[in-house]
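The block underneath contains the structure these notes are about, expressed in structure tokens.
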Amino acid sequence: MPGAGQGAAARPQRPESPEEPLARELTLIDLIIYGSLETVNIHSVRWSRALRPVFLINFPESRQIRRAFRSIRNTLPDILYVFLLFMFSVLIFSLMALKLFGDRGLKTVEGSPYFTNILEIAFELYVLVTTANSPDVMMPAYDFNWWYSLYFITYIIINTYIFMSVFLAVVYNNYRKHLKNEIRKLAYLKRHKMTEAFNILKVKMDTEFVVKEAPWRQLVKVVAPDISSSHLELLLRICDEGQKGYMDKTNFLRLADLLNIQVVTINVKTHPLETWLPRVYQSAASLLIQKMVRHRIFVWVYDVIILINAIFIALDEKNPLISYAEWLFLSLYIVEILLKLYTYEPRAYFGRKQFWNWFDTLIIMAALVAMVANATIQSARKYNSQQILDIVLILRILRLLRVIVSIQRFRVIVTTLINIGPTMLTFGGLVLVVYYVFAIIGMEVFHGKVLFFDPNFTAPGALVCGNPALEDSIFAQSRYCRNNFNDLASSFIVLVELTVVNHFTLLANGFALVTHQVAKLYFIGFHIVVVILIVNIFIAFILEAFFVAYSLEKSEVETAIEKKIQELGVGVQEEEVQDGKLIDNVDTKDCGFSGDDGDNKRKSLKGLYFRIASKKYRTVDALLQRMFESEIAPEDEGPSLDEILNFSPSDIYPKNPNFENSA
């Protein structure tokens, strides 16, 4: 690999995106205009501050955030038509409300005229879609005549339920379409690169082109330098099924998928008691105890004990019976840990990936120490440490999570939640960027308009949040003065409240009173961007994640690996390492395959086993890519590189797989 050593020393700089120079130029222009106006005592708005997130999302680490922004950008054209139709519906209902209620002389609770201004009506009806002002907005008309409630019920059915569902459907459909396009591009790029590698390494043998074992080994070592020789030999057995010393194109193209599947090398260790007291440890009574502990019923029994213990924790702990029961449960938990340490090798029981074992042991030991300390201290009548014990008891309730994970359907849900964890962080970053933009805009427009005073402050301005325009307003009467845009933290809290859309009208009306009624457009814009767009895209991702998780089982490549592991007699099923069944004694010893015949190979592998790593941490992208690749024929090399890079969701390639059928 010429020049490989120079890569780390002279790493290329990150390419600059087209948005960055534009953002810098706009920032410079804004600084010049702002500075010039300030010199002549004219206050202006620093509008370029809202562009700062452009620099953040262009870092290489923000690739997923840029991808989420692309999803929003790609969704906008189609959702625009639905939004225009929705606004047309709101306008029609607003005109109807103006004609129905405008001349009735109705008043709101605050004494203001009811539905006499078309813009006020449109705003109130838009907020009604969020249900934030329901049923308050309906009550004056409903009090006048109950028949008018049918108007609001019809509006809610059409706009809240039908149009909002259409919004979700459009966002989900477009998100899914563009995501599948990206996955299709990745799948064909991988196939294209593997085909190029085959063409470089291939040699002709008889009538077909093949790749010999030596260059295949060199390629694997270059691509995965940390792979153990035993793992490498296992992959070679899969690609070179007949051990002919070479592999055809179909088997060669599987290499990338084989390397992407984590295979855990397991070195089964001997229990120390078996070494020190072999007769005792291998006696009939000892083997019976080990068999009982390994049995699934043992786990179920302790699951029931945990549930009963949770009930006792909820009861009155001052009852002596409950206090004695806690000691009984603690003793049972200690017996469970001791039995497992007797059955399983201790280093395996406290292995790096045995989270639940560490969790149980630490919780029980902490409970034991706390209860002994509490009993000792209480006997001295000096101090009652019941608070410490309460914390430990609450932590022990977390053991209920083991019961949830042990149920198959619950495990699928938990697995999906783990899979979408990184993407939830991505959407968290996306929301943070959007929040920052709206927070900066809010600080520029509303800064200093609403002030917060200490509750003990008796100045007249404290009752109206420092602004006479809020006098007799519900905003001031509700003591919402803390909800302001005077700093970034306060702005973020207001935006979180707007995301929940509770009291949306109260907040929007309050800031409109201290500025102008046009300020309500700021709050409507925030609702459209965050609640209708981003939240719906997040829901679309969760839906897709659950569909994929429920639809796909093992891949063809995983099946091939497990089949070869079982053929070699060195297989351990994944189920055998769950719920404390600790065959997962991972050792870093590099034990390779050796010997000429099968018996010699088996002897050289004594104590060494393999299994497919847990499937809990598959990403949704990987599952979707596998779904697409399952439809690509092995001999299909796909389109050219230029065609792959120029894929669009509307392209129809002759070999394009049918995702709907796959799902």
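All of these numbers come straight from a predicted model, not from anything done at the bench. Basis for what follows: all heavy atoms, side chains included, without hydrogens, waters or symmetry-related copies.
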Side chain to side chain contact (heavy atoms under 4.5 Å, CB included) between Arg104 and Phe115, worked out: CA-CA 9 Å; Arg104 303 285 182 181; Phe115 278 14; over 6 Å; no

Test log, rule side chain to side chain contact (heavy atoms under 4.5 Å, CB included), inputs Ile153 and Ile157: CA-CA 6 Å; Ile153 293 172; Ile157 291 174; 3.9 Å; yes

Where do Val437 and Ile441 land on the side chain to side chain contact (heavy atoms under 4.5 Å, CB included) test, with the steps shown first? CA-CA 6 Å; Val437 172; Ile441 297 173; 4.1 Å; yes

Apply the test side chain to side chain contact (heavy atoms under 4.5 Å, CB included) to residues Val166 and Phe86: give CA-CA distance (whole Å), side-chain angles for both, the deciding distance (0.1 Å), then the verdict. CA-CA 10 Å; Val166 171; Phe86 163 71; over 6 Å; no

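For Thr160, the side chain to side chain contact (heavy atoms under 4.5 Å, CB included) test picks out Val129, Thr131, Ile156, with sequence neighbours left out. Checked against ring-ring contact (aromatic ring centres under 6.0 Å, His included), Phe492 has the following partners two or more places apart in sequence or in another chain: Tyr435. A search for ring-ring contact (aromatic ring centres under 6.0 Å, His included) contacts involving Phe446 returns Phe485, Phe511, Tyr522, Phe523, not counting sequence neighbours. Remark: Ser490 engages Asn484, Asp487 in a side chain to side chain contact (heavy atoms under 4.5 Å, CB included) (not counting sequence neighbours). Take Arg482 and apply the side chain to side chain contact (heavy atoms under 4.5 Å, CB included) test, not counting sequence neighbours, and it matches Phe452. Residues passing the ring-ring contact (aromatic ring centres under 6.0 Å, His included) test with Phe453 are Phe457, sequence neighbours excluded.
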What side-chain donor-acceptor pairs closer than 3.5 Å can you find for residues 88-100, not counting sequence neighbours?
from: Ser89; atom 1: OG; to: Asn159; atom 2: OD1; distance (Å): 2.9
from: Ser89; atom 1: OG; to: Asn159; atom 2: ND2; distance (Å): 3.4
from: Ser94; atom 1: OG; to: Val90; atom 2: O; distance (Å): 2.7

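Screening residues 121-145 for salt bridge (charged side-chain N to carboxylate O under 4.0 Å, His left out) gives no qualifying pairs among residues at least two apart or on separate chains. Annotation: side-chain hydrogen bond (donor to acceptor under 3.5 Å, both in side chains) contacts involving residues 462-472, sequence neighbours excluded, are absent. Residue pairs that meet the salt bridge (charged side-chain N to carboxylate O under 4.0 Å, His left out) test with at least one member in residues 509-529, sequence neighbours left out, are Glu120-Lys520. Sorted by first and then second residue, the side-chain hydrogen bond (donor to acceptor under 3.5 Å, both in side chains) pairs with a member in residues 525-542 read Tyr126-His527; sequence neighbours excluded. Evaluation of the disulfide bond (SG atoms under 2.5 Å apart) test over residues 476-508, restricted to residues two or more places apart or in two chains, returns Cys465-Cys481.
The environment of OH in Tyr151 is crowded: more than 12 heavy-atom neighbours from other residues, nucleotides or ligands sit within 6.0 Å.
We find the CE-CZ distance between Met87 and Phe163 to be 11.0 Å, quoted to the nearest 0.5 Å. Rounding to the nearest 0.5 angstrom, the gap separating the OG1 atom in Thr116 from the CG atom in Asp103 is 9.5 Å. The CG atom of Leu498 lies 12.0 Å from the CD1 atom of Ile493; values are rounded to the nearest 0.5 Å. Atom NZ of Lys449 is separated from atom CG of Leu513 by 13.0 Å, given to the nearest 0.5 angstrom. The CH2 atom of Trp147 sits 6.0 Å away from the CG atom of Leu150 when rounded to the nearest 0.5 Å. Atoms OH and CG, on Tyr148 and Leu106 in that order, are 8.0 Å from each other to the nearest 0.5 Å.
Summarising the geometry of Thr505 relative to Phe123, their closest heavy-atom pair is CG2-CE2, 4.2 Å, with the distance given to 0.1 Å. Counting all heavy atoms, side chain and backbone alike, Val450 lies closest to Asn483 at CG1-O, 4.3 Å. The nearest pair of heavy atoms linking Ser491 to Met443 is OG-CG, 3.3 Å. Here the closest heavy-atom approach between residue Ala439 and residue Leu495 is recorded as N-CD1, 3.8 Å. Contact detail for Asn133 and Leu128: the closest heavy-atom pair is OD1-CA, 3.1 Å. Taking each heavy atom of Thr130 and Val501 in turn, the nearest pair found is O-CG2, 3.9 Å.
The aromatic rings of Tyr480 and Phe475 stand perpendicular to each other, their planes meeting at an angle above 60°, with 30° marking the opposite boundary.
At least one side-chain heavy atom of Phe83 sits less than 4.5 Å from a side-chain heavy atom of Phe167. Between Ile474 and Asn509, every side-chain heavy-atom pair lies at or beyond the 4.5 Å cut-off. In this structure, the side chains of Ser478 and Leu506 come closer than 4.5 Å at one or more pairs of heavy atoms. The shortest distance between side-chain heavy atoms of Met138 and Ser149 falls below 4.5 Å. At a threshold of 4.5 Å between non-hydrogen side-chain atoms, the residues Asp303 and Leu307 do not count as touching.
A side-chain donor-acceptor contact under 3.5 Å links Asn174 to the backbone of Val170. Side chain of Thr108 to main chain of Ser112: a donor-acceptor pair is present (N/O by atom type, distance under 3.5 Å, no hydrogens or angles). Side-chain atoms of Tyr155 come within 3.5 Å of backbone N or O of Leu125 as a donor-acceptor pair.
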